[in-house]
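None of these values were measured; they are calculated from a predicted model. Keep in mind that the numbers below use all heavy atoms, side chains included, and drop hydrogens, waters and symmetry copies.
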Amino acid sequence: MNCLQSWPEPIVRVQSLAESGITAIPDLYIKPPAKRPSLLPANCNQAEVEVNIPVIDLQNLLNQEESLRETTLRSISSACREWGFFQVVNHGVSEELMKRARDTWREFFGLPLDVKQEYSNKPSTYEGYGSRLGVEKGAILDWSDYYFLHYMPASLRNHSKWPALPSSCRKLIEEYSEATVRLCGTLMKLLSQNLGLEEDQLLNAFGGEENIGACLRVNFYPKCPQPDLTLGLSEHSDPGGLTLLLPDENVAGLQVRKGQNWVTVKPVPNAFIVNIGDQMQVLSNAIYKSVEHRVIVNSVKDRVSLALFYNPKSDLLIQPVKKLVTKDRPALYAPMTYDQYRLFIRTKGPCGKAQVESLKSYE
């Protein structure tokens with residue numbers, strides 16, 4: 001990533017814009033008409049809008065009754081194939097820890113700007129306090145700020161990049177990241193079983209428990225005077241392996257593409273939202289699908305969400321698992337390291353599924 005050393009234009013904090021009292025957003029946040037959110041898609045009826053992504057109770061995985069466990073596994077398999085998204089409840093992460101995580105990061109974004117600026121990031125690593133993705137000059141930007149940090153592998157942890165304020169933040173990052181990485185490891189085993197693979201095969205393809213990459217991005221979406229003209233995060237599929245999202249418990253904002261429509265996810269209390277990333281689509285030879293999603297913003301309320309990205313070791317070649325490549329279903333993707341892959345989104349910013357689709361080989 002050494003080729004990406006600096007931002008192409010001066011960084012403006014979206015939160016500062018929102019708090020300045022503006023009644024119209026600057027032009028560089030206004031999306032083209034076709035990309036703007038709308039209350040209802042033109043070809044969508046009210047019944048379709050009420051659809052939500054699957055909600056899966058993981059408690060039955062521990063049940064002595066094999067039929068309940070099999071039903072849960074089938075539900076996960078169906079969600080990965082048909083939606084690329086699902087919510088999990090009874091997942092083993094304490095509700096109290098989830099609440100503290102949201103509250104602490106809300107407190108961080110409420111700190112004075114000069115305190116937050118001490119952690120300003122650069123595109124070489126993205127680690128720290130940021131306000132844009134991608135380094136293309138003149139790009140249309142998203143209405144959001146964020147904080148990005150590395151957690152795994154342990155050699156990449158740089159505690160000086162973790163906020164010292166609030167005073168509980170650094171300890172909380174450790175506690176929260178450890179719990180969510182553990183949950184992702186469990187989910188990886190379930191996804192592997194559902195593909196007919198050995199339990200640890202997908203995890204080993206990522207480099208194993210000690211070598212996987214795990215990053216935390218905390219998203220802050222300030223209230224917006226013209227939410228119909230912009231997005232908190234443009235449509236994209238996640239470039240990594242698996243994403244575990246702790247959504248805002250009070251304000252919905254995540255939208256998932258289902259066919260030609262956008263479904264606004266209604267978060268279930270104390271649930272995590274799980275989604276398949278591009279690397280998992282490649283490994284599964286497109287049996288599992290990464291799906292486009294985006295974030296809309298609110299005219300009266302700020303939103304905070306925490307995304308834990310669970311990724312392959314950055315220098316490992318990722319390619320379809322051999323067992324999932326057959327004469328009828330040849331390998332769809334050529335081998336590529338995650339380092340090579342994510343350079344695309346770090347250069348271009350969020351852009352639908354352009355990256356993973358461009359890698360397909362139809363030979």
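With sequence neighbours left out, Phe220 forms a ring pair (Phe, Tyr, Trp, His ring centres under 6.0 Å) with Phe109. Taking Ser94 as the reference, Glu96, Leu97 meet the side chain to side chain contact (heavy atoms under 4.5 Å, CB included) condition, with sequence neighbours excluded. By the side chain to side chain contact (heavy atoms under 4.5 Å, CB included) test, Glu174 is found to be paired with Tyr151, Arg157, His159, Trp162, residues two or more places apart in sequence or in another chain being considered. Under the side chain to side chain contact (heavy atoms under 4.5 Å, CB included) criterion, Asn204 pairs with Asp200, not counting sequence neighbours. For Arg13, the side chain to side chain donor-acceptor pair (under 3.5 Å) test picks out Gln117, Ser120, Ser131, with sequence neighbours left out.
Panel note: side chain Thr104, backbone Ala101; no donor-acceptor pair is recorded below 3.5 Å. Remark: side-chain polar atoms of Thr230 are not paired, donor with acceptor, to backbone N or O of Pro227 under 3.5 angstrom. A donor-acceptor pair under 3.5 Å is formed between the side chain of Ser144 and the backbone N or O of Gly232. Side chain of Ser75 to main chain of Thr71: a donor-acceptor pair is present (N/O by atom type, distance under 3.5 Å, no hydrogens or angles). Asn211 places no side-chain N or O within donor-acceptor distance of the main-chain N or O of Pro153, the cut-off being under 3.5 Å. In this structure, Asp238 contributes its side chain and Ile276 its backbone to no donor-acceptor pair below 3.5 Å. Checked by atom type and distance alone, the side chain of Tyr119 pairs as donor or acceptor with a backbone atom of Ala164 at under 3.5 Å. Proximity of a side-chain donor or acceptor of Arg69 to a complementary backbone N or O of Leu61 within less than 3.5 Å is detected. Under the 3.5 Å distance criterion, the side-chain polar atoms of Asn219 are left unmatched by any main-chain donor or acceptor of Val304. Judged by distance alone, with hydrogens and angles left aside, the side-chain atoms of Arg74 form no donor-acceptor pair with the main-chain N or O of Asn194 at under 3.5 Å.
Residue pairs meeting the ring pair (Phe, Tyr, Trp, His ring centres under 6.0 Å) criterion with at least one member in residues 10-36, sequence neighbours excluded: Tyr29-Trp143. Within the structure, salt bridge (Lys or Arg N to Asp or Glu O under 4.0 Å) pairs that include any residue of residues 321-334 do not occur (at least two apart or interchain). Residues in residues 179-217 take part in no ring pair (Phe, Tyr, Trp, His ring centres under 6.0 Å) pair, two or more places apart or across chains. Among residue pairs with one or both ends in residues 269-325, those qualifying as ring pair (Phe, Tyr, Trp, His ring centres under 6.0 Å) are Phe85-His293, His91-Phe272, His236-His293; sequence neighbours excluded.
For Gln255 and Thr264, the side-chain atoms include at least one donor-acceptor pair closer than 3.5 Å. Using a 3.5 Å distance cut-off with no hydrogens or angles, the side chains of Ser237 and Asp278 do pair a donor with an acceptor. If you check the side chains of Ser192 and Gln201, you find no donor sitting under 3.5 Å from an acceptor.
In plain terms, the two heavy atoms of Pro222 and Val14 that are nearest each other are CG-CG1, 3.8 Å. When every heavy atom of Arg303 is checked against every heavy atom of Leu254, the shortest pair comes out as NH2-N, 4.2 Å. Closest non-hydrogen pair, Gly84 versus Val291, comes out as CA-CG2, 3.9 Å. Residues Ile11 and Arg132 share a closest heavy-atom pair of CD1-CD, 3.7 Å. Closest non-hydrogen pair, Leu197 versus Leu202, comes out as CD1-CD2, 4.1 Å. Heavy atoms only, all atoms of each residue included: Trp105 and Cys169 are closest at CZ2-SG, 4.0 Å.
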Donor-acceptor pairs under 3.5 angstrom involving side-chain atoms of residues 30-37: please list them, not counting sequence neighbours.
unit_1 : atom_1 : unit_2 : atom_2 : d
Lys31  : NZ     : Leu141 : O      : 3.2
Lys31  : NZ     : Asp142 : OD1    : 2.6
Lys31  : NZ     : Ser234 : OG     : 3.0
Lys35  : NZ     : Glu235 : OE2    : 3.2
Arg36  : NE     : Lys31  : O      : 2.7
Arg36  : NH2    : Lys31  : O      : 3.3

| query | Hey, mind stepping through Arg217 and Leu133 against side-chain contact (heavy atoms from CB on, under 4.5 Å) and telling me if it holds? | reply | CA-CA 12 Å; Arg217 191 177 74 212; Leu133 298 169; 4.2 Å; yes
For this session: Take Val265 and Gln87, measure what side-chain contact (heavy atoms from CB on, under 4.5 Å) needs, and give me the verdict at the end.
Result: CA-CA 10 Å; Val265 176; Gln87 298 189 67; 3.9 Å; yes
Side chain to side chain donor-acceptor pair (under 3.5 Å) evaluation trace for Thr337 with Asp315: CA-CA 5 Å; Thr337 69; Asp315 59 356; over 6 Å; no
**Prompt:** Taking it one step at a time, do Glu118 and Tyr129 satisfy side-chain contact (heavy atoms from CB on, under 4.5 Å)?
**Reply:** CA-CA 8 Å; Glu118 293 178 15; Tyr129 177 48; over 6 Å; no
- Steps toward side-chain contact (heavy atoms from CB on, under 4.5 Å) verdict (Asp228, Gln226): CA-CA 5 Å; Asp228 55 323; Gln226 295 177 298; 4.0 Å; yes
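Taken from CZ in Phe108 to CG in Leu165, the straight-line distance is 9.0 Å, to the nearest 0.5 Å. Atom CD of Glu175 sits about 6.5 Å away from atom NZ of Lys171, to the nearest 0.5 Å. To the nearest 0.5 angstrom, Leu242 atom CG is 6.0 Å from Leu191 atom CG. In this structure, CD1 in Ile173 is found 5.0 Å from CG in Leu149, a value given to the nearest 0.5 Å. Of the inter-residue distances, the one linking Leu244 atom CG with Leu216 atom CG reads 10.5 Å to the nearest 0.5 angstrom. Taking OG from Ser168 and CZ from Arg170, the interatomic distance works out to 12.0 Å, rounded to the nearest 0.5 Å.
The hydrophobic cluster analysis finds Ile140 isolated: no Ile, Leu, Val, Met, Phe, Trp or Tyr side chain comes under 4.5 Å of it, directly or through other members. Taking Ile, Leu, Val, Met, Phe, Trp and Tyr as hydrophobic and joining them when side-chain heavy atoms fall under 4.5 Å apart, one finds Val55 in a cluster with Val89, Val268.
Residues Val274 and Val282 fall within the same hydrophobic cluster, defined by Ile, Leu, Val, Met, Phe, Trp and Tyr side chains chained together at heavy-atom separations under 4.5 Å. Both Val135 and Phe148 sit in one connected hydrophobic cluster of ILVMFWY residues. Membership requires side-chain heavy atoms under 4.5 Å apart, directly or through other members. Ile296 and Leu233 end up in different hydrophobic clusters when Ile, Leu, Val, Met, Phe, Trp and Tyr side chains are linked at under 4.5 Å.
Within 6.0 Å of CD on Glu198 lie no more than 12 heavy atoms contributed by other residues, nucleotides or ligands. A 6.0 Å sphere centred on NZ of Lys258 holds more than 12 heavy atoms belonging to other residues, nucleotides or ligands. No more than 12 heavy atoms of other residues, nucleotides or ligands lie within 6.0 Å of CD in Glu209, so this atom counts as exposed by the packing criterion.
When the options Lys266, Arg106, Lys99, Lys301 are evaluated for a salt bridge (charged side-chain N to carboxylate O under 4.0 Å, His left out) with Glu249, the one that passes is Arg106.
Using a 4.0 Å cut-off between charged side-chain N and carboxylate O, Asp103 and Arg100 make no salt bridge.
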